[in-house]
Novice: 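Structure incoming, see below.
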Amino acid sequence: MAPKTQTTALFLCLLICISTTSSTYGRKTQPRRPCKELVFYFHDILYLGYNPHNATAAIVASPKWGNKTAMAKPFNFGDLVVFDDPITLDNNLHSPPVGRAQGMYLYDQWSIYGAWLGFSFLFNSTDHVGTLNFAGADPLINKTRDISVIGGTGDFFMARGVATVSTDAFEGDVYFRLRVDIRLYECW
């Protein structure tokens, strides 16, 4: 009698597993809606040996063939840049800053323009207080790039999401402006 009871129990377990599995794989998942959406611009002015008063970024490491006042050739490969850039709500460099973008980017591709970014947005304004942290690859040849939002503090405590980055303007190696569209999917 015991083997028949075990067989029946095993059959019921298999039946439940199959019905649960088939019902979840057959359904289409609904896209999640962001709990918060933000747009900011950050302005990066690279120090090139002659602009110390308005530079917000500097090359701190370069390959053997490079130097710290000019981007390495080819494709800036091997350059490590740290930055402390103003964040604005519009694309005007002279608009009042709502925070600072602080971090680094590393040009990590030999054959095309590409970088790895690790940075934080630091806010201390009437609208937002706290930080948002970002990390990820930045294939510069793409019009838009997605960077992971990996956390935050203050108003953005434990935030998770995606930041779509696009180059809004640039002037050679000296200046670039990024538009950052942030969609947070975990908000506390």
Novice: What is the ring orientation for Phe121 with Phe119, classed by angle as parallel under 30°, tilted 30 to 60°, or perpendicular over 60°?
Specialist: tilted

Novice: Applying salt bridge (charged side-chain N to carboxylate O under 4.0 Å, His left out), can you list everything that pairs with Asp168, at least two apart in sequence or on another chain?
Specialist: Arg177

Novice: List in chain and number order the residues that pass salt bridge (charged side-chain N to carboxylate O under 4.0 Å, His left out) with Asp138, two or more places apart in sequence or in another chain; answer none if no residue qualifies.
Specialist: Arg145

Novice: Between the side chain of Asp90 and the main-chain N/O of Asn92, is any donor-acceptor distance below 3.5 Å?
Specialist: yes

Novice: What pairs with Asp127 under side-chain contact (heavy atoms from CB on, under 4.5 Å), at least two apart in sequence or on another chain?
Specialist: Ser125

Novice: Without hydrogens or angle criteria, can the side chains of Ser120 and Asn133 be said to hold a donor-acceptor pair below 3.5 Å?
Specialist: yes

Novice: Are Phe83 and Phe42, when compared by the centres of their aromatic rings, separated by less than 6.0 Å?
Specialist: yes

Novice: Just say parallel, tilted or perpendicular for the rings of Phe40 and His128, cut-offs at 30° and 60°.
Specialist: perpendicular

Novice: Which residue pairs satisfy the salt bridge (charged side-chain N to carboxylate O under 4.0 Å, His left out) criterion with at least one member in residues 99-112, sequence neighbours excluded?
Specialist: Asp84-Arg100

Novice: Check the side chains of Thr131 and Thr153 for a donor-acceptor pair under 3.5 angstrom, ignoring hydrogens and angles.
Specialist: yes

Novice: State plainly whether one hydrophobic cluster holds both Val129 and Phe157, where clusters connect Ile, Leu, Val, Met, Phe, Trp and Tyr through side-chain heavy atoms under 4.5 angstrom apart.
Specialist: no

Novice: I'd like to know whether His43 forms a side chain to side chain donor-acceptor pair (under 3.5 Å) with Thr88, so could you lay out the CA-CA distance, the side-chain angles of the two residues, the decisive distance to 0.1 Å, and finally the verdict.
Specialist: CA-CA 8 Å; His43 309 265; Thr88 60; 2.9 Å; yes

Novice: Let me have the donor-acceptor pairs involving side chains of residues 181-188, under 3.5 Å, with sequence neighbours excluded, atom names and distances please.
Specialist:
{"unit_1": "Asp181", "atom_1": "OD1", "unit_2": "Arg179", "atom_2": "NE", "d": "3.4"}
{"unit_1": "Asp181", "atom_1": "OD1", "unit_2": "Arg179", "atom_2": "NH2", "d": "3.0"}
{"unit_1": "Asp181", "atom_1": "OD2", "unit_2": "Arg179", "atom_2": "NE", "d": "3.0"}
{"unit_1": "Arg183", "atom_1": "NH1", "unit_2": "Thr164", "atom_2": "OG1", "d": "3.1"}
{"unit_1": "Arg183", "atom_1": "NH2", "unit_2": "Thr164", "atom_2": "OG1", "d": "3.3"}

Novice: So, using ring-ring contact (aromatic ring centres under 6.0 Å, His included) as the criterion, who are the partners of Tyr107 when residues are at least two apart?
Specialist: Tyr105

